[in-house]
K.L.:
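The structure is given below, and queries will be raised subsequently.
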Amino acid sequence: MTSSFNVQDAAGYEQLMGRWSQKLAIPFIDFAGLADGEKVLDVGCGTGSLTFVLAKAANLGEIAAIDFSPVFVAAAQARNTDPRIKISQADACALPFPDKSFDRTLALLVLHFVPEAPKAIAEMARVTRPGGVVAATVWDHCGGMPGMRMVVDSLAALGEAGRQLRARYCFQPMMQPGEMKAAFVAQGLSRVEESQLLLRMDYADFNDLWVPIGSGEGPIGKFVATLDQADKARAEAAARDAYEAGRPNGPRSFANIAWAVRGIVA
């Protein structure tokens with residue numbers, strides 16, 4: 001098992017995170033770089049948030065995309081109309097490509113869900129040509145996602161199980177300052193750089209935020225799905241109170257930070 005992210009439904013994931021992933025893909029591509037004619041691999045493509053933005057960002061020669069989840073792979077394949085794009089199910093820790101196959105290998109919001117993240121980084125470097133770029137970005141769950149942190153803090157206030165969820169959520173791998181950069185250096189990548197990417201998440205109302213979580217999507221939704229009806233109602237009420245913050249329900253906007261790291265294959 002090479003992903004700790006749970007997915008119930010592709011549409012639910014899109015509401016939870018996919019719509020924001022598509023927006024984050026743009027500054028991430030700017031950070032990672034891209035050039036016409038290149039062969040690029042998208043590791044952990046999900047529903048194609050990065051894959052399809054890559055296809056528009058440059059006149060690439062080939063785009064390969066893999067994901068561990070068959071639900072995501074099927075959704076991305078159904079969307080694909082570009083002959084340059086090939087999407088398949090695969091393990092980030094055992095990429096099914098020969099050495100030096102790609103000019104750039106990218107991972108958008110993936111490595112924090114890979115239990116053996118250093119092994120995945122090593123695989124990304126292996127399939128990238130010498131002089132090519134390996135780059136990844138992950139959310140800063142602890143200090144850089146106030147909307148989701150608001151929800152997990154609300155759950156933590158309800159009991160010990162919620163506090164344990166918060167501890168897991170805030171300290172997933174690769175999320176602390178310098179952690180992913182150090183992992184890139186440890187896997188032999190050179191000229192490793194770390195940056196922060198800023199994205200605002202704008203919600204129409206509380207339900208816009210809560211519905212996919214309440215339906216069991218993502219790590220917070222997975223926890224909510226384990227609650228009985230009474231505790232689930234308490235959790236929703238607590239999260240709603242935090243979201244509304246004493247004002248009528250309606251639009252809210254949260255500024256989110258993602259760590260981004262890139263390195264060059266020696």
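Everything numeric here is computed off the predicted structure, so don't read it as measured data. Both backbone and side-chain heavy atoms feed into the values below; hydrogens, waters and symmetry mates do not.
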K.L.:
Under a 3.5 Å distance rule, please check whether Q196 uses its side chain to pair with a backbone N or O of W259 as donor and acceptor.
P.N.:
no

K.L.:
Just do the side chain to side chain contact (heavy atoms under 4.5 Å, CB included) check on D82 and F52 with the steps written out, would you?
P.N.:
CA-CA 9 Å; D82 191 325; F52 299 117; 5.8 Å; no

K.L.:
Side chain to side chain contact (heavy atoms under 4.5 Å, CB included) with A57: which residues, sequence neighbours excluded?
P.N.:
I29, L34

K.L.:
Considering all heavy atoms of both residues, which atom of P146 and which atom of F254 are nearest to each other, and what is their separation?
P.N.:
CG-CB, 4.0 Å

K.L.:
For the residue pair K23 and M201, establish whether any side-chain heavy-atom pair is separated by less than 4.5 Å.
P.N.:
no

K.L.:
With sequence neighbours left out, what residues match I264 under side chain to side chain contact (heavy atoms under 4.5 Å, CB included)?
P.N.:
V133, S190, R191

K.L.:
Is the backbone of N59 close enough, under 3.5 Å, to the side chain of D36 for a donor and an acceptor to pair up by distance?
P.N.:
yes

K.L.:
For residues W20 and F28, establish whether the separation of their ring centroids is below 6.0 Å.
P.N.:
no

K.L.:
First locate atom CG of L109, then atom CG of L50, and finally report the distance between them rounded to the nearest 0.5 Å.
P.N.:
9.5 Å

K.L.:
Which atoms form the tightest heavy-atom contact between G48 and A76, and what is the distance?
P.N.:
N-CB, 4.3 Å

K.L.:
Give me each pair satisfying salt bridge (charged side-chain N to carboxylate O under 4.0 Å, His left out) with a member in residues 157-186, each pair once, sequence neighbours excluded.
P.N.:
D153-R166, E160-R163

K.L.:
To check you understand the geometry: which heavy-atom pair defines the closest contact between L111 and A120, and what is its length?
P.N.:
CD2-CB, 4.0 Å

K.L.:
So, for L106 and L54, which heavy atoms are closest and what is the spacing to 0.1 Å?
P.N.:
CD1-CD2, 4.0 Å

K.L.:
Does a side-chain heavy-atom distance below 4.5 Å link S154 with D241?
P.N.:
no

K.L.:
Give a yes or no on whether L165 and W210 share a hydrophobic cluster (residues Ile, Leu, Val, Met, Phe, Trp, Tyr; joining criterion: side-chain heavy atoms under 4.5 Å apart).
P.N.:
yes

K.L.:
Ignoring hydrogens and angles, tell me if any N or O in the side chain of R149 forms a donor-acceptor pair with the backbone of C142 under 3.5 Å.
P.N.:
yes

K.L.:
Would you mind reporting whether F223 and Q164 have side-chain heavy atoms less than 4.5 Å apart?
P.N.:
no

K.L.:
Do side-chain atoms of R104 reach the backbone of E38 as a donor and acceptor pair under 3.5 angstrom?
P.N.:
no

K.L.:
What pairs meet the salt bridge (charged side-chain N to carboxylate O under 4.0 Å, His left out) rule with one or both residues in residues 65-77, with sequence neighbours excluded?
P.N.:
none

K.L.:
Table please: side-chain donor-acceptor pairs of residues 92-102 below 3.5 Å, with sequence neighbours left out.
P.N.:
unit_1: D99; atom_1: OD1; unit_2: R126; atom_2: NH1; d: 2.8
unit_1: S101; atom_1: OG; unit_2: P98; atom_2: O; d: 2.6

K.L.:
Check the pair L155 / V224 against side chain to side chain contact (heavy atoms under 4.5 Å, CB included), numbers first and verdict last.
P.N.:
CA-CA 9 Å; L155 297 172; V224 170; 4.3 Å; yes

K.L.:
Can a donor-acceptor pair be found, under 3.5 Å and without considering hydrogens, that links the side chain of Q15 to the backbone of P212?
P.N.:
no

K.L.:
Only counting residues at least two apart or in another chain, list the ones meeting side-chain hydrogen bond (donor to acceptor under 3.5 Å, both in side chains) with T137.
P.N.:
none

K.L.:
Output the rest of the hydrophobic cluster of L158: all Ile, Leu, Val, Met, Phe, Trp and Tyr residues reachable through side-chain heavy-atom contacts under 4.5 Å, sorted by chain and number.
P.N.:
none

K.L.:
Test side chain to side chain contact (heavy atoms under 4.5 Å, CB included) on L189 and I121; report intermediate values, then the result.
P.N.:
CA-CA 9 Å; L189 290 156; I121 295 168; 4.0 Å; yes

K.L.:
Are V138 and F113 linked, directly or through other ILVMFWY residues, by side chains that come within less than 4.5 angstrom of each other?
P.N.:
no

K.L.:
Please list all pairs passing the ring pair (Phe, Tyr, Trp, His ring centres under 6.0 Å) test where one or both residues lie in residues 154-178, with sequence neighbours left out.
P.N.:
H141-Y169

K.L.:
Scan for salt bridge (charged side-chain N to carboxylate O under 4.0 Å, His left out) pairs involving residues 198-208, sequence neighbours excluded, and state none if there are none.
P.N.:
R19-D208

K.L.:
Any donor-acceptor pair under 3.5 Å linking the side chain of S69 with the backbone of V71?
P.N.:
yes

K.L.:
Within the 4.5 Å heavy-atom criterion, are T105 and V265 side-chain neighbours or not?
P.N.:
no

K.L.:
Starting from L198, walk the hydrophobic network (Ile, Leu, Val, Met, Phe, Trp, Tyr; side-chain heavy atoms closer than 4.5 Å) and list everyone else you reach, by chain and number.
P.N.:
I257

K.L.:
Test: salt bridge (charged side-chain N to carboxylate O under 4.0 Å, His left out). Region: residues 244-266. Which pairs qualify, not counting sequence neighbours?
P.N.:
E193-R262, R240-E244

K.L.:
Side-chain heavy atoms nearer than 4.5 Å, only ILVMFWY residues, links allowed to pass through others: does that put L197 and M174 together?
P.N.:
no

K.L.:
Within the side chain of Y243, is there an N or O that forms a donor-acceptor pair under 3.5 Å with the backbone of G250?
P.N.:
yes

K.L.:
Please report the closest heavy-atom contact between I85 and A55, naming both atoms and the distance.
P.N.:
CD1-CB, 4.0 Å

K.L.:
Report yes or no: does N80 contribute a side-chain atom to a donor-acceptor pair with the main-chain N or O of I87 at less than 3.5 Å?
P.N.:
no

K.L.:
Give the cluster check for L108 versus V192: same hydrophobic cluster or not, with ILVMFWY residues linked at side-chain heavy-atom distances below 4.5 Å.
P.N.:
no

K.L.:
List the residues meeting side chain to side chain contact (heavy atoms under 4.5 Å, CB included) with K56, not counting sequence neighbours, and say none if there are none.
P.N.:
none

K.L.:
Do I63 and I66 sit in one hydrophobic cluster, given that two such residues count as connected whenever their side-chain heavy atoms are within less than 4.5 Å of each other, even indirectly?
P.N.:
no

K.L.:
Within this structure, what is the CG-CG distance for the pair L60 and D103, rounded to the nearest 0.5 Å?
P.N.:
9.0 Å

K.L.:
Nearest 0.5 Å, please: how far is CZ in F31 from CD in E194?
P.N.:
8.0 Å

K.L.:
So, for M124 and T128, which heavy atoms are closest and what is the spacing to 0.1 Å?
P.N.:
O-OG1, 2.6 Å

K.L.:
Do L24 and W139 touch side chain to side chain, with heavy atoms closer than 4.5 Å?
P.N.:
yes

K.L.:
Can you tell me how far CE of M148 sits from CD1 of I220, rounded to the nearest 0.5 angstrom?
P.N.:
5.5 Å

